[in-house]
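Predicted model, so just to flag it, every value in this text is computed and none were measured.
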Amino acid sequence: MAFLDQIKQRRSIYTIGNNVSLDQTEVENTIKEAVRHSPSSFNSQTSRVVILFGESHQNFWNIVRDTLKKIVPADAFEGTNNKINSFAAGYGTALFYEDLEVVKELQAQFPLYADNFPVWSEHSSAIAQFATWTALAEKNIGASLQHYNPIIDDEVSIAFDVPSNWKLRAQLVFGSIEAPAGEKTFMDDAERFKTFN
């Protein structure tokens, strides 16, 4: 499949299940390969990923649910709970982190660019997330990117023994595609692009 076709296939899939035909090892290796080959500034490789399946996947979404239950008004929690249930119904979750210790080391090593390294770290994370999402889509695994950080960070770090210098940036929940994505619309090219000769 051509790369642009793979990008087009990658969509936010919100109705997912755990009926993935690939075995867990193949899914895990797909995530690792996508992140491993994602570019990063100065080849810093700041991205870190915690991959959750089975009970660990369920435990993560229970942490999210319990955290939100403390801050979402009771009369509005049913909708929140349903959303969390839809994520928990998936096959797994990839937690994307950035290693802040590496960022600090680069800042010390290259002081002229010190202010840029945190920004470039975010770029690296976004690229790794996109690459992973697209690689899973190519294998017919649906996913959506979620952001429940920072309110869940401390409890998740304890639950999954995450180093203190790793900062949680996003959660990619994935599984079998149980319903297709909705229609995607695009803004007018004239508002988005400029070309000069």
Side-chain angles (χ1 to χ4, degrees), residues 10-20 22-32 34-35 46-103 118 121-122 124-126 128-133 135-137 139 141-182:
R10 184 228 50 84
R11 298 290 310 281
S12 292
I13 305 295
Y14 295 109
T15 307
I16 57 173
N18 61 5
N19 303 307
V20 172
L22 302 179
D23 65 40
Q24 180 177 312
T25 301
E26 188 170 353
V27 175
E28 180 181 358
N29 287 339
T30 298
I31 294 169
K32 288 179 177 179
V35 173
T46 51
S47 295
R48 306 288 183 263
V49 184
V50 175
I51 307 168
L52 307 174
F53 296 101
E55 287 183 22
S56 295
H57 164 73
Q58 294 299 323
N59 185 27
F60 171 77
W61 289 108
N62 285 335
I63 290 170
V64 175
R65 182 192 334 275
D66 293 345
T67 302
L68 291 174
K69 194 168 188 176
K70 296 172 188 172
I71 58 176
V72 174
D75 60 346
F77 186 70
E78 183 179 355
T80 298
N81 191 50
N82 290 339
K83 182 183 282 190
I84 300 306
N85 286 341
S86 73
F87 301 145
Y91 186 68
T93 305
L95 308 180
F96 284 86
Y97 287 84
E98 282 294 293
D99 189 335
L100 300 185
E101 190 61 38
V102 176
V103 174
S121 167
E122 295 298 323
S124 298
S125 183
Q129 294 164 33
F130 175 75
T132 301
W133 198 349
L136 291 173
K139 295 186 178 291
I141 296 174
S144 69
L145 198 63
Q146 304 302 317
H147 300 88
Y148 288 100
N149 46 293
I151 61 172
I152 60 170
D153 291 14
D154 292 342
E155 193 168 349
V156 170
S157 292
I158 293 167
F160 302 110
D161 194 27
V162 177
S164 61
N165 51 297
W166 290 16
K167 183 174 183 178
L168 184 59
R169 305 313 297 139
Q171 305 87 53
L172 186 69
V173 59
F174 55 87
S176 53
I177 300 170
E178 301 299 324

For Glu122, does its backbone N or O pair with a side-chain atom of Ser125 as donor and acceptor, under 3.5 Å? no

Can you tell if the side chain of Asn81 reaches within under 4.5 Å of the side chain of Leu68, non-hydrogen atoms only? no

For residues Thr132 and Phe174, determine if any side-chain heavy atom of one lies less than 4.5 Å from a side-chain heavy atom of the other. no

Qualifying residue, where the test is side chain to side chain contact (heavy atoms under 4.5 Å, CB included) with Val173 and the options are Ile13, Leu145, Leu52, Thr93: Thr93

Here the gap from Lys32 atom NZ to Thr25 atom OG1, rounded to the nearest 0.5 Å, amounts to 8.5 Å

Does a side-chain heavy-atom distance below 4.5 Å link Arg65 with Asn85? yes

Taking side chain as C-beta onward, heavy atoms only, is Gln146 less than 4.5 Å from Trp61? yes

Closest contact, heavy atoms only, Gly17 versus Glu178: N-CG, 3.5 Å

Considering non-hydrogen atoms only, spot the tightest contact between Ile63 and Ala159 and give its length. CD1-CB, 3.8 Å

Could you check Ile152, Leu168, Asn149, Val162 and say which one makes a side chain to side chain contact (heavy atoms under 4.5 Å, CB included) with Leu95? Leu168

Answer yes or no: is there a side-chain heavy-atom contact under 4.5 Å between Gln171 and Phe87? no

Minimum heavy-atom distance Phe53-Gly92, with the two atoms named: CD2-CA, 4.4 Å

Between OG1 of Thr67 and CD1 of Ile151, what distance do you get to the nearest 0.5 Å? 6.0 Å

Look at the rings of Tyr97 and Trp166 and say which category their plane angle falls in: under 30° parallel, 30 to 60° tilted, over 60° perpendicular. tilted

Roughly how far apart are His57 NE2 and Asn62 CG, rounded to 0.5 Å? 9.5 Å

Rounded to the nearest 0.5 Å, what separation is found between the CZ atom of Phe60 and the CD atom of Glu155? 10.5 Å

Please find the pair of heavy atoms, one from Glu98 and one from Ser47, that lie closest to each other, and give the distance. OE2-OG, 2.8 Å

Can you tell me if Glu26 and Thr30 form a side-chain donor-acceptor pair at under 3.5 Å? no

Should Tyr14 and Ser86 count as side-chain neighbours, where that means a heavy-atom distance under 4.5 Å? no

Spacing of Ser176 atom OG and Ile141 atom CD1 [to the nearest 0.5 Å]: 9.0 Å

Taking all non-hydrogen atoms of both residues, which atom of Trp133 and which atom of Arg11 are closest, and how far apart? NE1-O, 3.2 Å

So do the side chains of Asn165 and Val102 get within less than 4.5 Å of each other, counting heavy atoms only? no

Less than 4.5 Å apart, side chain to side chain, heavy atoms only: is that true for Tyr91 and Ile16? no

Tell me, yes or no, whether the heavy-atom count around Asp154 atom CG, taken from other residues, nucleotides or ligands under 6.0 Å, exceeds 12. no

To check you understand the geometry: which heavy-atom pair defines the closest contact between Ser124 and Thr46, and what is its length? CB-OG1, 4.0 Å

Taken to the nearest 0.5 Å, the spacing of Ser121 OG from Asp99 CG works out to 8.5 Å

